[in-house]
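In listed order, ligands and their atoms are each counted from 1. Since the structure is predicted, the reported quantities are computational estimates derived from the model, not experimental observations.
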Amino acid sequence: MRKLAVIHYRFKEWLPALREAEPRLDIRGWHPREAADDAWLADAEGLFTWTLTPGLLERMPRLAWIQNSGAGLDHLMGQPIPAAIAITRADGQFGFWMARYTVGHLLTEAQQIGACSAAQAERRWASRLVPEELTGRLALVHGFGRIGRQIGRALRELGLEVHGFVRTPRADPDFPVHAGRDLGAWLGRARILVLCAPLTEATRGMVDAGLLAQGNPGLTLVNVGRGELVRVPDLLAALDLGQLGRAVLDVFPQEPLEAASPLWDHPKVVVTPHHAGPSTPRMIIPDILENLRRFAEGQTILNAVDRGVGY
Ligand code: OXD
C-alpha cells in the first residue's frame, strides 16, 4: 500500500474523505504543528497539504507527489521542492463559488440593495431607486482558466460583455481573450474588473497606480485571487481620486487583515474574509480523484504544475 501523508490544519476533516475516495492507500494525518510519526513519514511517497512545515521535505525522502489542498500555489512555489516531485493544485468548484461571489456583489450595487434597505428602515417608498442597466456593460476577468471562465459565463448571463485576460492568449471559441499586459487599454470603459489570476512574479503588484490611472469612477474591482496582485496604497489613492468606484476584496497581502488597515472603514471598500471559494473535501476531492487513483496504482500524476510559470 502506498502511503499518503496529510499534514493539514484541518486534517481530521480530510482524513476520512481521502480514505473513502481511495481505500487502496495507507493515509495518515497530522496537524502541521503536531509531531508526526517520522518512521512512517520517511516511507510516504505522497503528501496532501497546504503549507510545508520547516524540515518536512527532509523527513520525507521518498516523496514523489504533493497535492495542494487548494487552487493557489504561490506559497509552495518559493520553497526548495526538488523538481522530481510532482506538485498539483485543486480548483474544485471554486469557479462556481467565485462566480456567485462576484455576481452577488455586483448585483448588490446594480440593484441598489443598500439604498433600498436604508429606505425600508425609514419606512420610505423610494420609487426613484431605479436599478442600473448592466446589459452590454464591459466585464474584464484577469486570470481566465477554469475559475475565470466560470465567472465570465455568470457575468455574461447577466448581459455583460465579457473579455478574458491571460499570460499568453490563444484563439478562443467562447470569449475574446487578450494578453494581460493589454488590460489597461480596456479599463476606461469597464464596469467591472475581476482578478482571479495566480500570484506569480509576473502578476505580483499588477494592479498599481499606472494601471488604475486608466480606470473610471464607475469601475468596480473584485479581487478573489491573491491580495498581492494589488498594491493597496495605490488602490486607496485611486479610490480617492475617482479612478475606481469601489473595491470588493476577499484576499489581502496579510491575512487576517490587520486591525489597523484603512481598508476596513474606507467607504468605497468591501472587505470579506477570504471566503469566496471554500476548500472543503466535497469541493476538492472530485478534482483530485483521478490522481489519487493513479498514485495508488503507481501511474504518472497528471496536470503537475509548470514550475517555470508558477502555476
Ligand atoms: C486557494 C485559496 O488558493 O483558498 O485555494 O485561496
**Prompt:** At a 4.0 Å threshold, what atoms of ligand 1 neighbour a non-hydrogen atom of A71?
**Reply:** 1 (C), 3 (O), 5 (O)
**Prompt:** Any idea which atoms of ligand 1 are less than 4.0 Å away from a heavy-atom of R226?
**Reply:** 1 (C), 2 (C), 3 (O), 6 (O)
**Request:** Identify, for atom 3 (O) of ligand 1, the protein heavy atom at the shortest distance, and state residue, atom and that distance.
**Result:** G72 N, 2.6 Å
**Request:** Can you pull out the closest protein heavy atom to atom 4 (O) of ligand 1? Residue, atom name and distance to 0.1 Å, please.
**Result:** H274 NE2, 3.6 Å
**Prompt:** Is G70 close to ligand 1, meaning an N/O of one under 3.5 Å from an N/O of the other?
**Reply:** no
**Request:** Look only at interatomic distance and state if F94 has a nitrogen or oxygen under 3.5 Å from any nitrogen or oxygen of ligand 1.
**Result:** no
**Asked** Does a salt bridge link E13 with R10, judged by any charged N lying under 4.0 Å from a carboxylate O?
**Response** yes
**Prompt:** Charged N to carboxylate O under 4.0 angstrom, R170 versus D172?
**Reply:** no
**Request:** Report the relative orientation of the aromatic rings in H31 and F11; use parallel for angles under 30°, tilted for 30 to 60°, perpendicular for over 60°.
**Result:** perpendicular
**Message:** Ring-plane angle category for H163 and H178, please: parallel below 30°, perpendicular beyond 60°, tilted otherwise.
**Reply:** parallel
**Request:** Kindly indicate whether a cation-pi arrangement holds for R156 with F175, taking the cut-offs as under 6.0 Å to the six-membered ring centre and within 45° of the axis.
**Result:** yes
